[in-house]
2 protein chains.
Amino acid sequence: MDYGSASASERQYLPPAVAVSAVAFALRPPDEASIGDAGTREPGGASPGRGSTTLWIPLVRRTRAPFLGRWALPGGPTRWNETLTDTALRALRDAVLRSPAALEQLYSFGSVERSAEAQRLVTIAYWALYGEEEIARAPGRRADGAARRDPGAPDGAPAAAASTAPARWDDPAPAGDLGASDAAPIAAGGAAPAAGGASAGPDPNVAWFSADELPPLAFDHAEIVATALARLRSKTAYTDVAHRFLGECFTLGRLRSVTEAVLGRTVDPANFRRQALAQGRLEETGELETGSPHRPAKLYRFRDTADAPDPNATDMHAPTRSRS
Amino acid sequence: MDYGSASASERQYLPPAVAVSAVAFALRPPDEASIGDAGTREPGGASPGRGSTTLWIPLVRRTRAPFLGRWALPGGPTRWNETLTDTALRALRDAVLRSPAALEQLYSFGSVERSAEAQRLVTIAYWALYGEEEIARAPGRRADGAARRDPGAPDGAPAAAASTAPARWDDPAPAGDLGASDAAPIAAGGAAPAAGGASAGPDPNVAWFSADELPPLAFDHAEIVATALARLRSKTAYTDVAHRFLGECFTLGRLRSVTEAVLGRTVDPANFRRQALAQGRLEETGELETGSPHRPAKLYRFRDTADAPDPNATDMHAPTRSRS
DNA sequence: CCAAAAGTGTTTGACCTACACCCATGG
DNA sequence: CCATGGGTGTAGGTCAAACACTTTTGG
């Protein structure tokens with residue numbers, strides 16, 4: 001078992017390393033998280049907070065050889081007893097300290113481009129959603145909100161139990177010790193400390209960035225993010241994924257504004273309401289929203305009908321609109 | 001580089017092996033190919049040839065340890081200098097002796113279920129289409145028809161040159177010599193030498209099966225086939241993939257019957273014609289079909305507009321129906 | 001002439017868009 | 001009472017399913 005020390009010329013005979021990267025979206029970063037600034041913030045630009053909500057993505061700063069110091073997607077090598085989905089879950093929990101509200105496979109990237117010098121790397125990308133419930137909840141890697149798994153995803157075993165050691169991924173090549181690779185984070189100063197008053201010092205090597213203003217990313221992660229964004233938009237248009245961004249109860253207005261944020265365009269409230277209800281997957285809670293400067297809105301809940309596995313998850317070009 | 005001889009208990013420390021499996025579809029098997037019989041052929045059942053066309057899938061018989069003798073999807077481990085797509089191409093060329101007309105990533109399967117004893121295996125599945133042109137053409141691994149690559153697939157390097165050695169995949173674990181893993185095909189009938197006449201005996205370990213009557217498959221390949229079938233159907237409904245099954249020129253009637261075969265239901269000829277033409281991607285060749293017992297039909301050609309990359313390839317649940 | 005498939009035209013209904021309009025609340 | 005968003009109603013356009021009908025060939 002000495003392949004960890006293989007020389008560069010030997011590496012090409014090694015099997016490719018399998019890593020998972022996850023693009024997670026949230027409508028706003030957790031309060032205790034540090035906020036990344038790409039440095040490209042234009043004065044009058046579309047900075048977050050100009051009215052509509054924007055999407056945020058958690059990134060991890062690399063503390064190892066290739067792309068040292070660059071920001072990268074949360075992720076890491078698969079362990080021998082983990083599902084790919086489990087790896088994605090673990091990586092997200094380790095970086096964000098919360099379980100996502102949705103997780104789905106995106107695409108597998110296996111380019112050779114990454115220099116013939118290094119060991120070959122195959123990356124299976126996932127995309128995830130954090131709802132406001134998860135974001136609001138105090139950090140902690142509890143397996144409670146264990147990501148309602150996507151029923152259609154054919155990935156074998158169900159989401160396994162919570163992870164064990166809080167390892168962080170910093171090197172695509174799983175060289176050296178596999179088990180305890182908790183590489184001590186360099187560049188501690190890094191991003192600004194806690195934003196809110198949250199006591200627990202956040203990991204300085206994890207920060208949330210506005211999807212519009214990402215810093216230069218390591219590897220081909222920019223491409224992965226682009227793919228994930230496209231997919232998120234695409235799915236929002238024909239599915240009811242948007243509700244995953246919200247808590248259990250929400251008003252239709254809220255759901256619509258989320259949809260608008262993701263889609264990047266406005267939607268007619270009246271028509272949105274009709275379509276959303278026509279889906280048949282929303283049910284009234286019976287309660288009303290309180291404390292609004294206008295007519296109180298009904299609260300809805302999402303009926304989690306274990307929907308039929310969609311024929312084409314992971315299809316990069318798909319559409320289907322199943323007819324009734 | 002001695003990990004090839006690692007004992008079972010050591011295997012769990014090895015990185016997972018990365019393999020590619022491909023589900024290829026064709027409307028009928030090549031003439032020189034052997035035809036598999038699942039043994040479950042019912043007398044009056046929906047055997048191929050009852051009128052409508054059916055789908056055929058090439059399988060490879062395993063000649064190695066796990067699942068020895070079972071049929072499996074064409075595929076094999078990725079080489080260190082290959083794109084995932086290239087691996088899929090190579091595997092298909094080696095098994096079918098032809099290049100597919102379309103190739104697209106399907107999903108990545110990384111279950112752990114496959115016993116903790118063996119080395120972990122991550123499979124990236126592809127689906128492919130063989131058109132009647134490819135099927136009709138004499139066998140030969142010429143790089144000519146080099147699979148019009150799917151433009152939307154973010155997979156790095158373009159389809160590489162033709163493969164080198166005619167290796168066949170028989171073991172998911174790339175144990176032993178990796179570099180020269182041209183494991184001498186057992187049952188030597190093997191890949192026929194030159195293209196020459198169709199004389200060369202077909203590989204007895206490769207056979208085409210009707211998609212309705214597949215034999216028991218190795219690993220989780222049955223699941224993969226199911227996923228591929230679902231995706232093919234789904235994409236046929238909202239895309240013009242169907243034409244890939246045909247040659248360059250075809251009548252609308254032919255295109256429709258292919259669509260019907262894939263979808264498993266009939267389609268109104270009049271409406272199909274309108275929709276197909278409305279797509280704007282078909283153009284008349286100016287010629288007419290000859291020798292039909294009815295009014296001759298116009299021949300059409302597919303205009304290969306390098307279409308915009310579809311936002312969600314590899315999305316297992318997608319739909320989008322891009323509006324105009 | 002007849003069968004059979006190629007084409008064309010027309011009706012119908014579903015659905016989506018846009019927009020007008022009432023409802024209920026906090027300030 | 002008014003601004004604001006919740007919620008309902010309705011007219012017009014687009015599109016696809018269904019089907020009637022004409023056209024052109026081979027037998």
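Order of the sequence lines fixes the chain letters, A, B, ..., with proteins taken first and strands second; residue numbering starts at 1 for each chain.
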In whole angstroms, how far is the P atom of C/dA6 from the CZ atom of B/Phe272? 11 Å
Quick one: is A/Arg295 getting a side-chain N or O under 4.0 Å of the D/dG5 phosphate, OP1 or OP2? no
Enter the inter-axis angle for the ends of the helix from C/dC1-D/dG27 to C/dG27-D/dC1 (five pairs per end, rounded to 10°). 10°
Heavy atoms within less than 4.0 Å of DNA chain C: which residues of residues 248-257 of chain A have one? Give them sorted by number. none
Closest approach of A/Arg256 to A/Pro269 (non-hydrogen atoms, all atoms of both residues): CD-CA, 3.6 Å
A/Lys298 has an atom NZ; how far is it from atom P of C/dT25, in whole Å? 13 Å
In whole Å, I'd like the distance from the CD atom of B/Glu289 to the P atom of D/dT24. 16 Å
Rounded to whole angstrom units, what separation is found between the CG atom of A/Leu277 and the P atom of C/dC16? 13 Å
Using distance alone, with no hydrogens and no angle criterion, decide if B/Tyr300 and B/Thr285 have a side-chain donor and acceptor under 3.5 Å apart. no
Below 30° counts as parallel, above 60° as perpendicular, anything between as tilted: where do the rings of A/His243 and A/Phe302 land? parallel
Rounded to whole angstrom units, what separation is found between the NE2 atom of A/His294 and the P atom of D/dG7? 8 Å
For the residue pair B/Tyr107 and B/Phe109, is the inter-centroid distance of their aromatic rings smaller than 6.0 Å? yes
When the distance from OH of A/Tyr300 to P of D/dG7 is rounded to whole Å, what number comes out? 6 Å
Please pick, from D/dG5, C/dG7, C/dT25, the nucleotide with the shortest atom-to-atom distance to any side-chain atom of A/Pro296. C/dT25
Heavy-atom count around A/Glu287 CD within 6.0 Å, excluding the residue itself: above 12? no
For the student: nearest non-hydrogen atoms of A/Gly280 and A/Arg303, plus distance: O-NH1, 3.4 Å
Return the minimal non-hydrogen interatomic distance between B/Phe209 and B/Asp37, and the atom names on each side. CE2-N, 3.6 Å
Heavy atoms of B/Ala88 and B/Leu103 approach each other most closely as CB-CD2, 4.0 Å
Of the non-hydrogen atoms in A/Ala211 and A/Ile57, which two are nearest, and what is the gap between them? CB-CD1, 4.0 Å
A/Thr251 vs A/Leu288, side-chain contact (heavy atoms from CB on, under 4.5 Å): CA-CA, chis, key distance, verdict: CA-CA 9 Å; A/Thr251 70; A/Leu288 295 181; over 6 Å; no
Pairs under 3.5 Å (N/O, protein and nucleotides 18-21 of chain C):
{"from": "C/dA18", "atom 1": "N7", "to": "A/Asn271", "atom 2": "ND2", "distance (Å)": "3.0"}
{"from": "C/dA18", "atom 1": "N6", "to": "A/Asn271", "atom 2": "OD1", "distance (Å)": "3.2"}
{"from": "C/dA18", "atom 1": "N6", "to": "A/Arg274", "atom 2": "NH2", "distance (Å)": "3.1"}

So which heavy atom on B/Lys235 is nearest to which on B/Glu104, and how close? NZ-OE2, 3.0 Å
Can you measure A/Gln279 atom CD to C/dC15 atom C1' for me and round it to whole angstrom units? 13 Å
